[in-house]
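Have a look at the structure below, then the notes.
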Amino acid sequence: RRDFTPTVLAHEKATASAILSELEKNEYDILHYAGHAIFDRQDHGLSGLICHNKERLTAAMLSKIEALPQLIVLNACGRLGSRC
C-alpha cells in the first residue's frame with residue numbers, strides 16, 4: 001500500500017499495554033521502536049524495552065501476539081543491569 005498513516009505512540013501514549021493493544025489488531029507490517037532498553041542479568045525474562053512510566057515490554061509479552069509485524073526494528077540503547 002502506498003497510502004497509509006503511521007500510528008505513533010510517543011511519550012505518555014507509549015505504554016506497554018498500548019503497544020500490545022495496537023499489535024493485537026494485526027494491522028501492521030512494520031514496528032519501529034526508538035528508545036531505551038534494559039537487560040536484567042539475574043532474570044533475562046525481565047529484560048525489555050522501556051515504555052512510559054518505566055514499564056517494560058518484554059519478549060514474553062510480545063510472544064503472546066498472534067501475528068507480529070513482518071519487520072521489527074528496535075533502536076534501543078541500554079546497558080547490562082541498567083538503563084542508559
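Of all heavy-atom pairs between Cys51 and Leu57, the closest is SG-CB, 3.8 Å. In terms of heavy-atom proximity, Asp40 sits nearest to Ser47 at N-OG, 2.8 Å. Contact detail for Thr7 and Tyr28: the closest heavy-atom pair is OG1-OH, 2.9 Å. Taking every heavy atom of both residues into account, Glu55 and Ser17 meet most closely at OE1-N, 4.4 Å.
Under a 4.5 Å side-chain heavy-atom cut-off, the cluster of Ile, Leu, Val, Met, Phe, Trp and Tyr residues that includes Val73 is completed by Ile30, Leu71.
Sorted by first then second residue, the salt bridge (charged side-chain N to carboxylate O under 4.0 Å, His left out) pairs that include residues 4-23, not counting sequence neighbours, are Glu22-Lys25. The list of ring pair (Phe, Tyr, Trp, His ring centres under 6.0 Å) pairs with a residue in residues 48-68, not counting sequence neighbours, is empty.
Between Ile38 and Ile50 the shortest side-chain heavy-atom distance falls below 4.5 Å. Between Arg56 and Leu46, the closest side-chain pair of non-hydrogen atoms falls below 4.5 Å. In this structure the side chain of Asn53 never reaches within 4.5 angstrom of the side chain of Thr15, judged on heavy atoms.
A donor-acceptor pair under 3.5 Å links the side-chain atoms of Ser63 to the main chain of Ala60, judged by distance alone.
Remark: Glu24 CD to Leu68 CG distance equals 10.5 Å, nearest 0.5 Å. Atom CG in Leu74 sits 8.5 Å away from atom NE2 in His32 (nearest 0.5 Å).
No option in Asn26, Leu23, Asp29 other than Leu23 meets the side-chain contact (heavy atoms from CB on, under 4.5 Å) test with Pro69.
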